[in-house]
Amino acid sequence: MKKQKIFFMLLMTMVLVSASSMMNQAKASVNSVNVPREWEKLAEAKLNQGLNQYEINLSEENRAFSAVKIRSIQGGINLHRCTFYYSNGEKMTVEMRNDIPSGMDSRIIQLPAKKNKVVKVELWYDTKNYGDQKAVFELWGKA
């Protein structure tokens, strides 16, 4: 009986060690280079209250993406329009007319492939309908 208990304990130990090893291998494969890049945070800022404009200058490594969205982290934002400035001097203005409550995302803005080198984003917004706290937002880009 004692030998059976020892055998059972050894068997269970081997099963647990094996399962742990398999889980670590699965995690490693998920974090491998072959995983496609999804949404990447490009900027975060606190917005002043009232009707305002905010400019985001993007660094060199964050400029090539095909779509962007805005996420409200704290407070809400009434987003009126976004203007995207490209490295070739062109610009594109997108009318948003989008209320973004805290914790939610704007609609996804698709950027033209031939104009995907964005150097600056300009947001026109207001926060007047969302109380006293300053809104905090994030700009996200997708490769």
Side-chain angles (χ1 to χ4, degrees), residues 4-143:
Q4 287 179 336
K5 284 184 181 180
I6 292 172
F7 177 74
F8 180 73
M9 295 289 276
L10 284 172
L11 182 63
M12 290 306 293
T13 302
M14 289 174 52
V15 167
L16 288 173
V17 168
S18 177
S20 174
S21 174
M22 288 172 55
M23 288 180 70
N24 286 338
Q25 287 176 351
K27 283 181 187 177
S29 69
V30 167
N31 294 328
S32 71
V33 178
N34 297 330
V35 175
R37 207 168 95 185
E38 288 296 319
W39 291 98
E40 177 181 336
K41 186 164 87 168
L42 304 174
E44 179 177 329
K46 264 189 182 179
L47 299 175
N48 291 324
Q49 292 182 313
L51 181 60
N52 261 309
Q53 173 260 347
Y54 189 85
E55 289 184 9
I56 304 160
N57 291 307
L58 298 175
S59 62
E60 287 288 324
E61 65 270 8
N62 287 338
R63 294 193 324 180
F65 37 86
S66 62
V68 295
K69 65 182 176 180
I70 294 157
R71 177 172 292 154
S72 176
I73 300 300
Q74 171 185 307
I77 307 165
N78 295 326
L79 189 57
H80 299 282
R81 70 179 178 266
C82 297
T83 302
F84 299 91
Y85 294 85
Y86 298 96
S87 58
N88 65 0
E90 292 183 35
K91 68 179 184 177
M92 178 180 83
T93 299
V94 178
E95 294 295 326
M96 297 295 290
R97 296 183 185 97
N98 195 198
D99 290 341
I100 310 170
S102 184
M104 301 299 287
D105 292 348
S106 71
R107 66 182 171 91
I108 295 171
I109 304 163
Q110 298 294 328
L111 300 176
K114 64 181 188 255
K115 296 181 181 180
N116 67 354
K117 297 290 186 184
V118 177
V119 293
K120 181 172 80 170
V121 179
E122 187 176 64
L123 305 175
W124 291 89
Y125 68 92
D126 75 71
T127 59
K128 64 185 174 194
N129 296 331
Y130 288 102
D132 292 335
Q133 78 185 98
K134 283 190 170 190
V136 177
F137 82 96
E138 296 172 341
L139 176 68
W140 288 79
K142 187 173 185 178

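Since this is a predicted model, take the numbers as computed values, not measurements. The figures here come from the full heavy-atom set of this structure, side chains too, leaving out hydrogens, waters and symmetry mates.
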Would you tell me whether Thr93 and Thr83 have side-chain atoms, one donor and one acceptor, within less than 3.5 Å of each other? yes
Of all heavy-atom pairs between Leu139 and Ile70, which one has the smallest distance, and what is that distance?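 Result for this residue pair: CD1-CG1, 3.9 Å.
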Roughly how far apart are [X] [atom1] and [Y] [atom2], rounded to 0.5 Å?
X: Ile109; Y: Phe65; atom1: CD1; atom2: CZ; answer: 10.5 Å
X: Ile77; Y: Arg71; atom1: CD1; atom2: CZ; answer: 11.5 Å
X: Lys117; Y: Leu111; atom1: NZ; atom2: CG; answer: 12.5 Å
X: Trp140; Y: Ile108; atom1: CH2; atom2: CD1; answer: 12.5 Å
X: Ser106; Y: Lys69; atom1: OG; atom2: NZ; answer: 8.0 Å
X: Glu138; Y: Leu42; atom1: CD; atom2: CG; answer: 10.0 Å

Is there a side-chain contact (heavy atoms from CB on, under 4.5 Å) between Lys134 and Thr127 once you walk through the steps? CA-CA 8 Å; Lys134 283 190 170 190; Thr127 59; over 6 Å; no
Which one of Glu95, Gln53, Met96 satisfies the side chain to side chain contact (heavy atoms under 4.5 Å, CB included) criterion with Trp124? Gln53
Backbone N/O of Asn48 and side chain of Tyr125: donor-acceptor pair under 3.5 Å: yes
State whether the side chain of Ser66 and the backbone N or O of Lys142 hold a donor-acceptor pair below 3.5 Å, judged by distance alone. yes
Glu122/Lys120 salt bridge by N-O under 4.0 Å criterion: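 Looking at Lys120 and Glu122, the cut-off is not met.
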Please lay out, stage by stage, how Val94 and Arg107 fare under the test side-chain contact (heavy atoms from CB on, under 4.5 Å). CA-CA 11 Å; Val94 178; Arg107 66 182 171 91; 3.3 Å; yes
